[in-house]
Amino acid sequence: MLITVTRSGGFAGIEKERELDTTGRRDAPRWEDLAHRAVASIADGYHYRITVDGRAVDLQDPYLSEDQKELIRGVLGEGA
C-alpha cells in the first residue's frame with residue numbers, strides 16, 4: 001500500500017509531501033489499518049467544500065471549526 005500525506009499552508013506557505021510504502025514492512029498491518037481508519041468517512045456525516053475566490057477546502061462533519069459552521073449555516077441557510 002502506498003500512503004501519501006501532503007501538508008500545505010502555515011506561516012511560510014511551504015508544502016511538504018511524503019510517501020510511505022508499506023510493501024515488505026514488518027509493521028505494514030499497523031500502518032495499513034491506521035490509513036484505512038484515517039480516510040474512512042463518518043457514517044451519515046456531511047461533506048463540505050468551501051471555495052473562496054478560487055481557493056477550496058474540503059471539510060467533513062463533525063470536524064468543523066466554529067467559523068466554518070457559521071459560514072455554512074449562513075450560506076446554506078440551515079444547520080451545519
Any H47 side-chain heavy atom under 4.5 Å of D58 side chain: no
Heavy-atom side-chain contact between Y48 and L76 under 4.5 Å: yes
Please report the shortest heavy-atom distance between [X] and [Y], naming the atom on each side.
X: W31; Y: I3; value: O-CD1, 3.9 Å
X: T51; Y: A56; value: OG1-CB, 3.7 Å
X: Y63; Y: Q68; value: O-OE1, 4.2 Å

How far does [atom1] of [X] sit from [atom2] of [Y], to the nearest 0.5 angstrom?
X: L71; Y: L64; atom1: CG; atom2: CG; value: 10.5 Å
X: R55; Y: I50; atom1: CZ; atom2: CD1; value: 10.5 Å
X: I72; Y: D61; atom1: CD1; atom2: CG; value: 8.0 Å
X: K69; Y: L59; atom1: NZ; atom2: CG; value: 11.5 Å

Count I, L, V, M, F, W, Y as connected when their side-chain heavy atoms are under 4.5 Å apart, and connections chain through other members. Are V57 and V52 then in the same cluster? yes
Note: E70-R73 ion pair, threshold 4.0 Å (strictly below): no
Hey, mind stepping through E19 and T4 against side chain to side chain contact (heavy atoms under 4.5 Å, CB included) and telling me if it holds? CA-CA 4 Å; E19 294 180 343; T4 305; 3.5 Å; yes
The side chain to side chain donor-acceptor pair (under 3.5 Å) partners of T23 (sequence neighbours excluded) come to D21
Sequence neighbours excluded, which residues qualify as salt bridge (Lys or Arg N to Asp or Glu O under 4.0 Å) partners of R30? none
Hits for side-chain contact (heavy atoms from CB on, under 4.5 Å) against A12, two or more places apart or cross-chain, chain-then-number order -> I14
